[in-house]
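Atom set for the values below is all heavy atoms of this structure, side chains included, hydrogens, waters and symmetry mates excluded. Everything quoted here is computed from the prediction, not taken from an experiment. Order of listing sets the numbers, starting from 1, for every ligand and every atom in it.
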Amino acid sequence: MKLANWWGLSSAVLAAYGVLVVANNETEEVKDEMAKDACPVRLESRGKCEEGSECPYQVSLPPLTIQLPKQFGRIEEVFKEVQNLKEMVNSLKKSCQDCKLQADDSRDPGRNGRLLPSPGALGEADDNRVRELESEVNKLSSDLKNAKEEIDVLQGRLEKLNLVNMNNIENYVDSKVANLTFVVNSLDGKCSSKCPNQEEIQSRPVQHLIYKDCSDYYTIGKRSSETYRVTPDPKNSSFEVYCDMETMGGGWTVLQARLDGSTNFTRTWQDYKVGFGNLRREFWLGNDKIHLLTKSKEMILRIDLEDFNGVKLYALYDQFYVANEFLKYRLHIGNYNGTAGDALHFSKHYNHDLKYFTTPDRDNDRYPSGNCGLYYSSGWWFDACLSANLNGKYYHQKYRGVRNGIFWGTWPGITEAHPGGYKSSFKEAKMMMRPKHFKP
Ligand SMILES: *[C@@H]1O[C@H](CO)[C@@H](O)[C@H](O)[C@H]1NC(C)=O
Ligand SMILES: *[C@@H]1O[C@H](CO)[C@@H](O)[C@H](O)[C@H]1NC(C)=O
Ligand SMILES: *[C@@H]1O[C@H](CO)[C@@H](O)[C@H](O)[C@H]1NC(C)=O
Ligand SMILES: *[C@@H]1O[C@H](CO)[C@@H](O)[C@H](O)[C@H]1NC(C)=O
Ligand SMILES: *[C@@H]1O[C@H](CO)[C@@H](O)[C@H](O)[C@H]1NC(C)=O
Ligand SMILES: [Ca+2]
């Protein structure tokens, strides 16, 4: 029954949003257990949230202030409507029960002193009573129908809010929680000198820091390039990554490396999804992990290339995001800066930005009559097909035939015709990311 489904959904949604209801309250003091009376944290509502205006809810943790997005206000509205509907449905249910009881009463032989009558044997009074009940039932059922329609509409709105806004809000809150962890830990030092209950605070263990990516390790003083364990999404698993703590200040989380051809990059969708190779040599970190890392913070992308003549150039993109598997790991890159040329946005016809990921066994490219991944032996964000492909085959020298080696289309001289149709390749390639606002 549809209605029953709705009840399930609504209570699940109410439970999931339970924390948001707090925003309903006027001013509430939330006391951190750790710092009982010492350091109060406040969540306040500061008046109406107008479309397009600043948002009214704020959590204050000295000296940190979080502005909650205005969608919170909309969720609150929907809550109220759902609450009203719940009451309406409850009262309808109750009157329906009353009505059923009355109908049972009129048939009760103990009360009316006679046996249950057959339908043909009803008296006129019973007829009237039955008609009355009938019309009451009709009215109730039409009320119920209206309520159900309204519920359907609201359900649609809730689902939409859930899909559209909860993702943003979740990311937003996640990032703020990560920030809070930092702030709380740094406050711990300051607080103990100012606050009265310092002994109590000092005796409690400091909450373990979450290292979301290599820049967090850099921040706590790690300076050697090696593997570290990161947890970009506190709700998801943690995993090992290789950190480059030297290039341009360090703090880089490496997502791809080529240097000797020891790892085969002609791989399936599943391999590119989970990652493969050796983190200390050649590898692809894995599209799921790249997604989690680029989702946890605003990232930039750096690509380092070296050819067999020892020329080293780089490309820097001021934004880097890889969508989830459902969105086929779509690539989002920002503006270019650097020395190697902007091969990812080569031209209108060769542009890797906003392209889906393709592997030899999964064709999501823009080339209609074939699979670019299969043709170029690689998993990559192919257009139709390429002006860059850092996951091509590793050639130790010049090669002939299909241009399926590591390729960067803006490299000086790379597209010039060589005698004998030879194509040049690269000795080393590396792709890595770092939070946009990271300052080494
Ligand atoms: C506001 O919070 C107080 C104390 O936590 C509680 O007693 C009250 O019912 C809340 N009011 C609303 C409208 O939620
Ligand atoms: C955390 O937030 C504060 C204030 O909002 C800001 O100054 C600080 O740079 C942030 N820290 C990180 C690591 O994002
Ligand atoms: C790499 O793997 C592909 C697919 O399994 C295979 O066809 C190819 O021969 C391998 N290449 C090398 C150099 O081993
Ligand atoms: C963890 O991340 C992966 C990759 O994005 C995703 O498929 C999975 O649903 C996530 N798991 C949880 C518990 O969030
Ligand atoms: C590129 O980066 C350099 C070095 O950080 C900087 O000086 C320059 O302004 C940047 N150029 C653009 C177009 O952003
Ligand atoms: Ca295709």
Side-chain angles (χ1 to χ4, degrees), residues 16 162-163 166-175 177-178 210 212-213 229-241 253 255 258-278 281-297 299 320-332 349-352 354-386 389-397 399-402 404-406 425 433:
N162 194 12
L163 286 178
M166 284 320 285
N167 251 352
N168 294 341
I169 293 170
E170 193 191 347
N171 288 349
Y172 184 85
V173 170
D174 277 358
S175 73
V177 164
I210 295 169
K212 291 188 145 196
D213 61 84
R229 179 158 283 272
V230 295
T231 312
D233 180 350
K235 299 195 292 307
N236 213 304
S237 54
S238 59
F239 49 86
E240 296 278 315
V241 294
T253 306
L255 60 115
R258 311 296 299 273
L259 47 90
D260 55 13
S262 57
T263 295
N264 189 342
F265 274 64
T266 308
R267 299 278 186 139
T268 59
W269 182 267
Q270 180 62 23
D271 284 355
Y272 272 97
K273 172 184 163 76
V274 301
F276 55 81
N278 177 342
R281 297 184 70 179
E282 294 200 321
F283 66 92
W284 181 256
L285 182 60
N287 290 338
D288 278 343
K289 294 171 192 159
I290 297 171
H291 165 68
L292 291 175
L293 284 161
T294 57
K295 185 181 133 181
S296 79
K297 291 185 190 172
M299 292 288 185
F320 176 50
Y321 174 74
V322 172
N324 62 17
E325 185 175 22
F326 180 76
L327 296 170
K328 303 172 198 158
Y329 303 120
R330 192 179 215 188
L331 174 68
H332 300 248
H349 300 289
Y350 292 105
N351 183 355
H352 294 278
L354 298 179
K355 298 305 179 296
Y356 299 117
F357 204 80
T358 287
T359 53
D361 61 333
R362 193 75 68 89
D363 184 347
N364 298 315
D365 62 37
R366 296 188 63 248
Y367 182 64
S369 44
N371 177 335
C372 301
L374 189 58
Y375 193 73
Y376 291 103
S377 309
S378 163
W380 191 250
W381 299 277
F382 286 104
D383 190 0
C385 280
L386 79 171
N389 171 20
L390 300 184
N391 290 340
K393 285 190 180 177
Y394 191 93
Y395 288 102
H396 293 267
Q397 52 197 351
Y399 63 100
R400 279 201 283 191
V402 177
N404 59 5
I406 298 171
S425 189
M433 70 180 99

N/O/S atom of G370 inside 3.0 Å of the Ca ion (ligand 6), strictly under: yes

Contact check: Y367 to the Ca ion (ligand 6), N/O/S below 3.0 Å: yes

D288 side, atom CG; F239 side, atom CZ - distance, nearest 0.5 Å: 9.5 Å

The Ca ion (ligand 6) - closest N/O/S atom in D365: OD1

Separation between OH of Y394 and CG of L259, rounded to the nearest 0.5 Å: 7.0 Å

Atom 7 (O) of ligand 3 protein-contacted, heavy-atom criterion under 4.0 angstrom: no

Validation row: I290, W284 side chains within 4.5 angstrom (heavy atoms): yes

Identity and separation of the nearest protein heavy atom to atom 13 (C) of ligand 4: K235 O, 3.8 Å

Min side-chain heavy-atom separation N371-F382 under 4.5 Å: no

Distance in Å, L292 CG paired with D213 CG, rounded so as to fall on 0.5 Å steps: 12.0 Å

Check against side-chain hydrogen bond (donor to acceptor under 3.5 Å, both in side chains), Y329 and N364: CA-CA 10 Å; Y329 303 120; N364 298 315; over 6 Å; no

Y321, OH atom: more than 12 neighbouring heavy atoms under 6.0 Å: yes

Location of contacts on L292 toward ligand 4, heavy atoms closer than 4.0 Å: side chain

Subset of ligand 4 atoms that lie under 4.0 Å from at least one heavy atom of H291: 5 (O)

Short N or O distance, N236 and ligand 4, threshold 3.5 Å exclusive: yes

Residue D288 vicinity, atoms of ligand 4 by number, heavy atom under 4.0 Å: 4 (C)

Atom 4 (C) of ligand 3: nearest protein contact (heavy atom, Å): T266 O, 3.8 Å

F276 and Y272 aromatic ring geometry - parallel, tilted or perpendicular at 30°/60° bounds: perpendicular

Residue and atom name of the nearest protein heavy atom (relative to atom 3 (C) of ligand 3), distance in Å to one decimal: N264 ND2, 3.6 Å

